[in-house]
Protein chains: 2
Amino acid sequence: MRMTKARRDILKIFNENDKPLNAEQLSKILEEDYDLSTIYRNLNFFEEQAILRSIVFSDKIKYYFTSKGHYHFVYCTKCKKFQKINKCFEEEFKKHINKKLDFEVKSHTLYFEGLCHDCKNRRDYDEAND
Amino acid sequence: MRMTKARRDILKIFNENDKPLNAEQLSKILEEDYDLSTIYRNLNFFEEQAILRSIVFSDKIKYYFTSKGHYHFVYCTKCKKFQKINKCFEEEFKKHINKKLDFEVKSHTLYFEGLCHDCKNRRDYDEAND
DNA sequence: TTTGCTGCAAATTATTTGCATAGTA
DNA sequence: TACTATGCAAATAATTTGCAGCAAA
């Protein structure tokens, strides 16, 4: 891993920011100092290195955030802003969100990504052939 | 709402299938009887009518499923298949997933979509101007 | 010096849209 | 018949990629 100015600048922003950001937003914060392709490449790189994590909401844009801590958010479909949640169970969540954040929940989704039974067992074979 | 052959065929598939499907998959199941734009238009239509719900995973493709029941899934990032989950709390979920489904969880995400405090209070204004 | 990173331009791909025609009520 | 849905082709937009030059180690 080569620590370039672009990478330093990008990491700095994520460390100062606890809300998910997409490539476009990052580019603006960086005052367009870097080409978008550079930003995309670095975001991918950081995700591979598990330094950043990403999430895709219904707008189909990839948002990145640091891998430390929780991956639970409320996302406003109108202004596209996030708020972090620190509580951990669904029912509590809902109360917390409705009352403490004054956020009107329209829908919620929980998903787990990983490898299913079949892919898990075929892993070595697949990785050698991907 | 005009009940066309395309709409009937699409709904039939979703009613027989409890796993999320994307436009491409649907098109194949329908043996390419309909143009993709027709399928996309109808999926949007059904979602507006709250007959279908959708979810976007890390592959950025929109998957649709019937609005009845739970919106909790495990999603295999390799084969892109889903399995439904019926349990309702996170910790229980994890055990359930790991043991009962033999699914190796790599990451999980929970999110609530809706309107934040600001947008909620500005709702009338915004809706009139969108 | 060497290899990996960046900028630029072009490609990719899921989805959307305009328009003329066909189909439903 | 009146209006909506469909097919086709072209447009859109986030992201990726090839390539040549530049910058970390």
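Sequence lines set the chain letters: A, B, ... in the order given, protein chains first and strands last, and positions in each chain run from 1.
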What string of B, S and - do you get for nucleotides 15-25 of chain C, 5' to 3', if B is base contact, S is sugar-phosphate-only contact and - is no contact with any protein heavy atom under 4.0 Å? BBBB----BBS
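Residues Leu26(B) and Leu43(B) form a side-chain contact, since some pair of their non-hydrogen atoms from C-beta on lies under 4.5 Å apart.
The OH-P distance, from Tyr34(B) to dG7(D), rounds to 8 Å in whole Å. Atoms CD (Gln49(B)) and C1' (dT4(D)) sit 13 Å apart, rounded to a whole Å. Atom CG in Leu21(B) sits about 16 Å away from atom C1' in dA14(C), given to the nearest Å. With rounding to whole Å, Leu11(B) atom CG is found 13 Å from dA5(D) atom P. Regarding Gln25(A), its CD atom lies at a distance of 17 Å from the P atom of dA13(D), rounded to whole Å. Rounded to an integer number of Å, the gap from CG of Leu30(B) to P of dT6(D) is 12 Å. Atom CG in Asn42(A) sits roughly 12 Å away from atom P in dT16(D) (whole-Å rounding). When the P atom of dA14(C) is taken as reference, atom CG of Asp59(B) falls 9 Å away, rounded to whole Å.
Counting only N and O atoms by type, the side chains of Tyr34(A) and Asn42(A) include no donor and acceptor under 3.5 Å apart. Side chain to side chain, Ser54(A) and Glu47(A) meet the donor-acceptor criterion of an N or O pair below 3.5 Å.
Side chain of Arg7(A) to main chain of Arg2(A): a donor-acceptor pair is present (N/O by atom type, distance under 3.5 Å, no hydrogens or angles). Checking side-chain atoms of Asn15(A) against main-chain N and O of Leu11(A) turns up a donor-acceptor pair under 3.5 Å.
Contact annotation: Thr38(A) side-chain N/O to dG7(C) OP1/OP2 distance is under 4.0 Å.
Salt-bridge formation is detected for the pair Glu16(B)/Lys12(B): a Lys NZ or Arg NE/NH1/NH2 atom is positioned less than 4.0 Å from an Asp or Glu carboxylate oxygen.
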